[in-house]
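Quantities reported herein were computed from a predicted structural model and do not represent experimental measurements.
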Amino acid sequence: MPQDPLIPTPDYLVRLNPEQRRAIEITEGPLLILAGAGTGKTRVLTTRFAHLLLTGRAYPSQILAVTFTNKAAREMRERVGAILGEPAEGLWLGTFHAICARMLRRHAEYVGLNSGFTILDTDDQLRLLKQVMEPWRIDTKRWPPNQLLGVIQRWKDRGLTPDRVTSAEDSDFANGHALAIYRAYQERLTALNTCDFGDLMLHVTEILRTQPNVLAQYHRIFRYILVDEYQDTNTIQYLWLRLLAKRESGPSNIACVGDDDQSIYSWRGAEVENILRFEKDFPGAQVVRLERNYRSTVQILAAAAGLIAHNDGRLGKTLRPGRDDAEGERVQIIGVRDSDEEARVVASAVERLRGNGHALSEIAILMRAGFQTRPFEERLMMMGLPYRIVGGQRFYERSEIRDCLAYMRVLAQGSDDLAFERIVNVPKRGVGAVAVQKLHVQARSLNGPLTAAVRSQLSGGALKGKSREALAGLMDAFDRAFAVVETEGHVVAVEQLLEDSGYLQMWRDDRSVEAPGRLDNIRELLRAIGEFGTLPEFLEHVALVMDMEGDTSEDKVSLMTLHGSKGLEFDTVFLPGWEEGVFPSQRSLDEGGNRALEEERRLAYVGLTRARKRAIVLHAASRRIYANWQASMPSRFIEEIPAEYVEVSGQTSENRRHASAAPSMFATGPLTSSRPSGFRPPRPKVTALKSGPSIGVGATVFHPKFGEGVVTGAEGDRLEVNFENGGVKRVMASFVEIRS
DNA sequence: TGTGTTAAATTTTTT
DNA sequence: ATTTAACACA
């Protein structure tokens, strides 16, 4: 929509590039905004939102804006507010799940719930599923319940209610009982007036599918729909969006922002196809490509582009530098001996950067998997370099917090059986599985909750001795706390409940090192409750917003997984562990075929594009995996980065033969010369190298660590060897000698 | 019912 | 190696 020349361009549009402006000014009809890394995606999304409001196209309540994370939703809300100059209120802005929860509370009766339904966490889901599975007498060794939960979740991700699972889609899990158990599980959830996370989407979509009046109501409300991270949507989310966007008359004003090259969540149900198919799904869709990257240097962009070019089936997007300044440094590739040296090298580099005046908060270490953080933590700690682990175990997932939440849930809703079961014997009260089983029987005959069963057994004298006293004491504690809610408020009530029930004392008596920290966490939890008016309000918040904002202000190095880094950026990014089997991960190499490998590559792409000025990739020659050492070879992704954007140092296959004589710049640090005791991978004999006889399949070789073995595969200087007493390992040719 | 022992698993993560 | 979960036993 061209601007009237007489009307000055509003200042929120002034600093945008032409593509960005197009992405904002095409307000009508379906729009796909392909936004490469660092191209100002968030800015476009928020400005578009504000634009719709400021041009009078919609009231705040007429825009539906969905994100995946609470963090993204929060950010969008703040930035829209900033553009509007006032806090944005009455918006339908939130995560898929939060918005669905809001919708489901309005229409719960259509799926057999009432609007006060509760939302289960993963623990509860599993506990419930185990209970439901009991009548089938399934061998839980062969068929682990959590695996079945995965099957059910995947069905839900695809929009399959039990009735929609066809026999062809029925899993062979537990000899074909999976579907029946799924149905029973759903019935149980409904009976408990509860749903799990998948249900939030599933129920609402089911309502929209079957209740035309409800759907029409939302069509009237939502004039515009905005979707963030569209490449991460799963099938149910897609169906939900399509129902809301497609209307009998008028265009679908749905704008989706995404980047197929950053799709890294297929393992939890995301379908890249959703974004690849967009133009077919929404005929007449316009596509805007944001390709000007304002984040990274030319070198980093070119390296990342070269890497991702190895993937097929992309929508095709080339990141171009948006700034013409600084060419910058090449991507550094550093080979090291093992993970300890890797950590030393990174930590000394961090120290050097700090010496040069770089802020630690502008440095990140991004790894494939969580367990890789340990050596870095140890090293950084030893050197006195402050760091922060992003992600990892979340506050509301800690067991002591879960326990406290269970107490609160019972307090807020006495019928919450799952919560009651969790805490009935925590602290130990002598109420074990047998007693709980009896309570279940009683509850069933009463057709009421467990707490009612307890009360009836107490008054009926059915309980004896220890467990009677224990349960009577517990119920008293709940009753007293319940009375206190009215008089002194819910914070005091909860505190008193945790005291009276003996829960706090349990931790005070605990001699373990974690105990004081756990008490601190509980104190923090009590503080958080105070920010909410009522207990149910707080519990709803916890269920949907599992995150507790951390301190981003302090000057610390960030340690996190590559997945966790999506959407963030840093001046300097360290990318350790680029080895076959680690990254790409062994699992993806073994199971997922090319699809999985491409996803790993996208993950590598995400990692590289987090860097503004510097990216340093590391790979170790051997790595300790669980108990034993494994020789490892550099990740294929390293080779896939075009050589002209790369600077190699350390022990790589290229310069290994000179390595002993000429230590790399990173090996000269004061810390690398002396090694603590422990395993030292033997220095390889290099007889096999030097363009010497290439080692072919079938050759017998000797490895200093693994002994003799037969080569079962070869690709360049990477070998796959079946060792006599080590099994199949992947090693570099330079590590072995030919034997026969 | 609670405790000790053994066995198995062990990417990535949001909601 | 470390941790968690299931099972046997006191």
Side-chain angles (χ1 to χ4, degrees), chain A residues 66-73 94-102 104 119-122 125-126 130 139-142 144-147 150 153 156-157 195-202 228-229 232-234 236-237 263-270 366-374 390-394 396-397 399 424-425 427-438 465-467 470 540-547 560-567 577 581-592 596 599-600 602-604 606-607 624-629 678-679:
Chain A
V66 267
T67 63
F68 272 87
T69 64
N70 290 297
K71 191 171 160 230
T95 63
F96 279 98
H97 295 273
I99 286 174
C100 279
R102 184 169 161 191
L104 191 55
I119 301 165
L120 292 193
D121 61 42
T122 325
Q125 286 176 44
L126 197 59
K130 279 180 187 162
D139 177 7
T140 50
K141 269 224 159 100
R142 274 193 67 193
N146 58 353
Q147 218 168 306
Q153 233 144 40
K156 291 185 176 180
D157 284 346
C195 58
D196 65 21
F197 270 109
D199 286 337
L200 292 173
M201 297 282 335
L202 192 68
D228 193 14
E229 306 279 19
D232 288 338
T233 50
N234 60 30
I236 186 78
Q237 287 157 342
S263 156
I264 53 175
Y265 284 113
S266 75
W267 50 271
R268 66 177 198 211
L366 309 180
M367 36 238 141
R368 177 67 249 264
F371 65 80
Q372 289 172 260
T373 54
R374 197 164 305 172
V390 183
Q393 210 199 9
R394 277 167 304 177
Y396 290 112
E397 267 171 7
S399 66
V424 69
N425 203 30
K428 296 234 158 54
R429 300 187 172 90
V431 184
V434 178
V436 172
Q437 204 47 246
K438 279 185 193 150
K466 214 172 75 177
S467 54
E540 169 87 353
H541 170 82
V542 171
L544 291 170
V545 184
M546 292 291 288
D547 103 43
M560 65 184 99
T561 63
L562 287 160
H563 283 93
S565 75
K566 195 163 83 160
V582 177
F583 188 39
S585 78
Q586 196 57 51
R587 272 273 272 273
S588 65
L589 290 174
D590 293 345
E591 293 164 19
E599 181 149 316
E600 295 280 299
R602 289 193 290 268
L603 201 47
V606 167
R624 199 178 163 142
I625 291 169
Y626 306 122
N628 41 1
W629 287 87
F679 174 80

Would you say A:Asn70 reaches B:dT15's phosphate, i.e. side-chain N/O to OP1/OP2 under 4.0 Å? yes
Think A:Arg374 has a side-chain N or O under 4.0 angstrom from the OP1 or OP2 of C:dA1?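 Checking A:Arg374 against C:dA1: no side-chain N or O falls below 4.0 Å of OP1 or OP2.
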Could you give the [atom1]-to-[atom2] distance, from [X] to [N], as a whole number of Å?
| X | N | atom1 | atom2 | answer |
| --- | --- | --- | --- | --- |
| A:Tyr265 | B:dT13 | OH | C1' | 6 Å |
| A:Asn234 | B:dT15 | CG | P | 14 Å |
| A:Gln147 | C:dT4 | CD | P | 20 Å |
| A:Gln586 | B:dA9 | CD | P | 17 Å |
| A:Gln372 | B:dT12 | CD | P | 9 Å |
| A:Arg268 | B:dT12 | CZ | P | 13 Å |
| A:Asp157 | B:dT14 | CG | P | 15 Å |
| A:Glu397 | B:dT15 | CD | C1' | 11 Å |

What pair of heavy atoms forms the shortest contact from [X] to [Y], and how long is it?
| X | Y | result |
| --- | --- | --- |
| A:Cys195 | A:Leu200 | SG-CD2, 3.8 Å |
| A:Ala470 | A:Val431 | CB-CG2, 4.4 Å |
| A:Arg394 | A:Glu397 | NH2-OE2, 2.6 Å |
| A:Met560 | A:Ser565 | SD-CA, 3.6 Å |
| A:Arg602 | A:Ser263 | NE-O, 2.6 Å |

Aromatic ring of A:Trp267 stacked on base six-ring of B:dT12, 5.5 Å, 30°: yes
Taking the nucleotide of DNA chain B with the closest heavy atom to each, which residue, A:Val545 or A:Ile264, is nearer the 5' end?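 The residue whose closest nucleotide sits nearer the 5' end is A:Ile264.
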Please tell me which of A:Met560 and A:Val436 maps to the more 5' nucleotide of DNA chain B, matching each residue to the nucleotide holding its nearest heavy atom. A:Val436
Return the nearest nucleotide to the side chain of [X]; candidates are [options].
| X | options | result |
| --- | --- | --- |
| A:Arg394 | B:dT13, B:dT11, B:dT14 | B:dT14 |
| A:Lys130 | C:dA6, B:dT12, B:dT11 | C:dA6 |
| A:Asn425 | B:dT13, B:dT15, B:dG2 | B:dG2 |
| A:Lys428 | B:dT12, B:dT3, B:dT15 | B:dT3 |
| A:Thr561 | B:dG2, B:dT15, B:dT13 | B:dT13 |
| A:Ser585 | B:dT11, B:dT15, B:dT13 | B:dT11 |
| A:Thr95 | B:dT1, B:dT11, B:dT15 | B:dT15 |
| A:Arg624 | B:dT12, B:dT1, C:dA1 | C:dA1 |

Checking all strands, does [X] fall into the base, sugar-phosphate, or nothing category for heavy-atom contacts under 4.0 angstrom?
| X | result |
| --- | --- |
| A:Gly198 | nothing |
| A:Ala435 | sugar-phosphate |
| A:Phe197 | base |

Aromatic A:Tyr265 / basic A:Arg268 pairing, under 6.0 angstrom, 45° off normal: yes
Rounded to whole angstrom, note down the P distance from B:dT11 over to C:dT4.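 Straight-line distance between the two P atoms is 14 Å.
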C:dT3 versus B:dT12 - spacing of their P atoms, nearest Å: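 Nearest-Å result for C:dT3 against B:dT12 at atom P: 16 Å.
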